[in-house]
Structure formats: structure tokens, C-alpha cells
4 protein chains.
Amino acid sequence: MASLNKVMIIGNVGGDPEMRFTPAGHPVTSFSVATNRTINTQGAEPKKETEWFNVVAWEKLAEQCNQFLAKGRLVYVEGRLQTRSWDGQDGQKHYKTEVIANRVMPLDKRQTAVGEIATGAEATGEISPDDIPF
Amino acid sequence: MASLNKVMIIGNVGGDPEMRFTPAGHPVTSFSVATNRTINTQGAEPKKETEWFNVVAWEKLAEQCNQFLAKGRLVYVEGRLQTRSWDGQDGQKHYKTEVIANRVMPLDKRQTAVGEIATGAEATGEISPDDIPF
Amino acid sequence: MASLNKVMIIGNVGGDPEMRFTPAGHPVTSFSVATNRTINTQGAEPKKETEWFNVVAWEKLAEQCNQFLAKGRLVYVEGRLQTRSWDGQDGQKHYKTEVIANRVMPLDKRQTAVGEIATGAEATGEISPDDIPF
Amino acid sequence: MASLNKVMIIGNVGGDPEMRFTPAGHPVTSFSVATNRTINTQGAEPKKETEWFNVVAWEKLAEQCNQFLAKGRLVYVEGRLQTRSWDGQDGQKHYKTEVIANRVMPLDKRQTAVGEIATGAEATGEISPDDIPF
DNA sequence: TTTT
DNA sequence: TTTT
């Protein structure tokens with residue numbers, strides 16, 4: 001029963017966020033974040049490895065992400081990991097792992113007044129667990 | 001360039017860990033960890049949602065995980081997320097997201113003397129980036 | 001403006017928690033947590049170093065801590081650091097650093113049914129910022 | 001024995017870092033970091049609360065902090081908490097809590113080429129536990 | 001003041 | 001595939 005599922009990333013937003021609404025009217029915003037890691041291949045030149053995260057925000061946080069984030073911005077994202085699975089046309093299982101955000105915070109000074117974007121609580125899919133459009 | 005990619009989980013080991021060796025002789029241990037979340041569907045009875053993580057440990061940490069972990073144990077795992085992709089037989093992209101561990105710590109008292117399992121540094125794939133068997 | 005202040009500890013509760021109430025009736029529970037670190041003094045035998053944390057919980061989380069925690073239990077605590085200062089009788093500044101908890105989770109199986117203790121949000125001093133009794 | 005002692009902060013450096021050397025020649029750099037929290041006093045205007053952290057870095061990380069950080073820069077700091085105590089002239093116990101950093105990462109673009117500052121391992125006082133000048 |  |  002004792003459980004922790006926490007992800008913390010700092011990286012650059014890969015594209016402008018996209019906001020949609022569930023049938024029940026809950027806003028959901030998704031965007032990607034790239035994190036980079038430098039691998040010291042001793043000998044050769046250091047190699048860069050990029051890891052992409054799919055981030056999903058719900059409710060008020062979804063609206064703030066949609067309003068304040070944009071392609072290229074540096075952000076801090078905190079949340080939990082969630083893997084969804086489905087069957088492909090070929091009968092194979094497919095998996096997609098996403099970060100369900102409970103805090104998103106721009107770290108650069110670009111654009112509009114931003115301030116801190118944060119949900120008090122995990123304003124997430126819990127609210128509408130079987131109501132997710134994508 | 002500024003980047004953070006951190007995962008922290010506390011959960012139960014889903015099965016006995018499996019250790020393999022890369023062609024170059026590096027030990028790699030993998031195991032699954034389940035985290036549970038209780039969703040308060042206001043009205044009906046609370047629903048349980050289980051999230052499964054695939055954890056991979058390298059080198060000395062791999063050996064310690066193999067030696068001390070076992071199905072059912074409660075563990076703390078810290079690491080970074082890594083998604084690998086490949087093309088299925090049907091031409092579709094497949095993805096698998098794993099936690100590359102840099103710290104694993106049993107939290108229960110079961111079994112042998114355990115102590116703390118921790119790599120000093122991220123003793124991971126960096127060491128043998130193009131040497132991964134699975 | 002962009003800010004993160006996060007502490008995560010796993011350790012043993014040093015004594016039974018103590019719950020008090022602010023003049024305005026808000027419950028506050030405090031307890032200590034010990035974390036241990038093993039220092040490898042290369043050569044001599046490894047040395048143990050204990051770090052003590054003062055943890056403070058508010059509102060519903062305060063009540064849960066008071067009810068379920070006890071001396072010796074293993075807990076996970078997440079929160080933010082807060083340092084309070086005051087002037088000693090001698091005119092010197094004194095400081096006390098505490099962890100204001102927003103999540104507390106027992107990790108052992110001792111005692112009563114425990115389940116997960118967690119505030120949805122940071123149910124902390126924000127609620128009664130100028131209302132703190134100790 | 002199972003223990004976690006982790007602090008993660010994002011904030012602004014309060015002053016230029018200061019590097020010293022232990023008698024044994026180990027570099028130690030210290031600097032302060034301010035994190036801000038906005039308290040919504042429902043009713044009145046939101047209040048700002050600043051929390052100051054004393055950060056200490058050792059060895060190679062100390063040199064990098066000394067070289068790349070400066071007053072005002074936005075940084076991510078990860079480390080562990082350590083409280084030192086001593087007796088005041090008045091016989092009272094005094095306490096100072098510090099963050100012993102194992103990772104420091106500038107988040108803004110100011111100044112020189114910065115890149116990522118990170119120790120592979122916790123390059124900390126372990127190395128010279130009884131060798132600390134301040 | 002905890003724990004192994 | 002775990003745990004309570």
C-alpha cells in the first residue's frame with residue numbers, strides 16, 4: 001500500500017501545448033519536454049542523448065500550461081508516471097508512458113508574466129478517470 | 001542544456017530480479033516494481049490503480065539487486081527514465097520506458113542482511129552505451 | 001519567482017509525535033526523524049552519521065501523523081524546508097530548520113491499519129500563517 | 001538503516017560564491033540560495049515568503065560552483081541536509097543547517113559557457129570528514 | 001531521540 | 001507480476 005510514484009524533469013518544451021476537452025468538459029493539455037544527457041564516451045567526443053517526455057496536465061493546470069508554455073521554453077515538471085496500453089491492429093500490445101503533471105513551472109523569462117503555475121493538489125485524471133479523450 | 005530527469009518510486013517488486021551480462025561482461029539486472037494509487041471515486045467504493053515500472057540496474061548495483069531483492073519486497077528506487085523504441089513486425093513503432101536505477105534500497109526487513117544498496121554514481125549504461133543486450 | 005523547495009526523507013521516527021492546537025484551533029503535530037548515513041573512512045571501520053529532522057504537519061495530516069506514527073516507525077516524509085529564527089537571551093540569533101510536511105507515509109507494517117497518510121495539497125501553515133503556537 | 005536524505009531546490013543565488021580550502025587542500029565552496037513562496041492570504045494581497053538555504057559544495061563541484069555561479073543566477077541544487085551544532089558563548093546550543101550539494105545546475109543563460117555542473121558521485125565531506133574549516 |  |  002505504501003507507494004511513491006514521482007517524476008521530476010527540467011527540460012525544453014518541444015512544441016506548443018495542445019489543449020482539448022473531455023466530453024464532460026474537463027480541460028486537458030499535453031506537451032512534450034526534452035531532457036538532454038551528455039555521455040562521456042571516454043576517448044571519442046561526448047555524445048548527446050535526448051530523452052522525450054509526454055506531459056499531460058488537467059483542469060486549472062491544463063489552462064495555465066496552455067496559456068503560458070510555448071515551444072522552446074525551459075520548464076520544471078513534477079508529476080507521476082502513467083503507462084497506458086492498447087492493442088495494435090496487428091494484435092501486439094502497445095504502450096505509451098506519460099507524465100501526469102501536478103506542477104509545472106517555467107524557468108526562463110520569455111514572454112508574458114508567468115509566475116508560478118501549480119495546482120494545489122494533483123488536479124488530475126482522478127477527477128474524471130474514465131473520461132479521457134486521447 | 002540544463003536538464004533534470006529523475007524518477008523516485010516506492011513499491012513492491014513484482015518478481016525475482018533477473019541478471020544478465022552484456023557481451024562485454026557488464027552485469028545488468030532488471031525487475032519490475034508496482035506502485036499503487038487509490039482513486040476516490042466520490043460515491044462508489046475507492047478504486048485501486050496499479051502502475052508498473054521496469055527497472056534496470058547496471059554493474060555493481062545490478063549485482064546487489066540480484067542478490068538482495070526478491071518478489072514482493074518493498075523498495076525505494078531512484079533513477080532516470082529512458083524510452084527505447086523499435087519497429088514491430090507490422091511496421092509500427094513500439095516503445096518501452098524503463099527506469100535506469102542509480103539507487104535501490106530495500107525498505108522491509110525480509111530476508112538476509114541487506115544494508116543499503118547504492119551506487120556511488122550513476123553506474124549505468126554510460127559505461128557501455130552500445131553494449132546493451134536487451 | 002520560479003522556485004522549488006523540496007525535501008524527501010526516509011528514516012525512523014525518533015519519538016512519539018506530539019499534537020497541539022493553535023489558538024485558532026488548527027492541529028499541528030511535530031515529530032523527529034533520523035536518517036543514517038554510512039561514511040566509508042577508507043582504512044578504518046565505516047562510521048555512522050545520524051541526521052535528525054524536525055517534521056511539522058498541519059491540519060488533517062497532523063491528525064493522521066498523531067494517530068498512526070510512533071517512536072521507531074519507518075516513514076517517508078515529503079515537504080518543504082522552513083527556517084525560523086529568534087533572538088536568544090544573549091542577543092544572538094538562533095535558527096531552527098524544520099520540514100513542513102505535505103506527505104507522510106509509514107513504510108513498515110507495525111501497528112494498526114495505516115494505509116497512506118497524505119494531504120491532497122500542502123495543508124500547511126499557509127492556512128494560518130500567523131497562528132503558529134511554537 | 002534504510003535512509004533517504006534529499007533536498008532539491010530551485011532559486012536565486014544570494015551572493016557570489018566563496019571558495020576556501022581545507023588544511024588538507026580540499027576545495028569547499030559555499031553560497032546561499034533564496035526560494036520564494038507566495039502565500040495566498042485569502043482576502044488581503046498575497047504575501048511573499050523567502051526561504052534561504054546555505055549550500056556547500058566540495059571538490060570538483062566546489063570549483064565549478066566558484067567558477068560559474070554568481071549573485072542573482074537561477075540554479076537547481078540537489079543534495080542532502082546536514083545540521084551542525086556548537087555551543088554559544090552563553091552556553092546555548094546553536095544550530096546551522098546546510099545543503100551539502102551533489103548536483104548544481106545553472107538554469108539561466110547569463111555569463112560564460114556554463115553547461116552542466118554535476119559531480120558524478122556525492123563528492124562531499126565523506127572524502128575528508130574531519131577536515132572541515134568552517 | 002530512531003533504526004540495523 | 002507486487003502489496004494491504
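Naming convention: chains lettered A, B, ... in sequence-line order (proteins, then strands); numbering from 1 in each chain. Values in this document were obtained by computation on a predicted structure and should not be read as measured data.
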Please report the distance, rounded to the nearest Å, between CD1 in Ile9(C) and P in dT3(E). 16 Å

Looking at Glu51(A) and Arg37(A), is any side-chain nitrogen of the basic one under 4.0 Å from a carboxylate oxygen of the acidic one? no

Yes or no on side chain to side chain donor-acceptor pair (under 3.5 Å) for Thr50(B) and Asn36(B), after CA distance, side-chain angles and deciding distance? CA-CA 5 Å; Thr50(B) 298; Asn36(B) 297 297; 2.8 Å; yes

Could you check how far CG of Leu107(B) sits from P of dT4(F), rounded to whole Å? 14 Å

Looking only at non-hydrogen atoms, find the nearest pair between Gly11(C) and Thr35(C) and report the distance. CA-CG2, 4.4 Å

Please report, rounded to the nearest Å, how far the P atom of dT2(E) is from the CZ atom of Arg37(C). 20 Å

Checking all strands, does Thr35(B) fall into the base, sugar-phosphate, or nothing category for heavy-atom contacts under 4.0 angstrom? nothing

Determine whether any donor atom in the side chain of Lys48(B) lies under 3.5 Å from an acceptor atom in the base of dT3(F), or the reverse, and answer yes or no. yes

What is the distance from atom OG1 of Thr83(D) to atom NZ of Lys96(D), rounded to the nearest 0.5 Å? 11.5 Å

Side-chain touch Leu69(B)/Val75(B), heavy atoms, less than 4.5 angstrom: yes

Would you kindly give the CD-to-C1' distance between Glu49(C) and dT3(E), to the nearest whole Å? 16 Å

Within the modelled atom types, does a donor on one side and an acceptor on the other bring the side chain of Thr50(B) and the base of dT2(F) under 3.5 Å apart? yes

In whole Å, I'd like the distance from the CD atom of Glu45(B) to the P atom of dT4(F). 21 Å

Nearest-Å distance for atom pair CD/C1', residues Glu51(B) and dT3(F): 15 Å

Between atom CG in Asn12(B) and atom C1' in dT4(F), what is the gap in whole Å? 9 Å

Report yes if at least one side-chain N or O of Lys109(C) is closer than 4.0 Å to OP1 or OP2 of dT4(F); otherwise report no. yes

Under the criteria of a ring-centre distance below 5.5 Å and an interplanar angle below 30°, is Trp52(C) stacked with the base of dT1(E)? yes

What is the distance, to the nearest angstrom, from the CG atom on Leu74(C) to the P atom on dT1(E)? 20 Å

Give one of base, sugar-phosphate or nothing for Gly72(B), where a contact means two heavy atoms less than 4.0 Å apart. sugar-phosphate

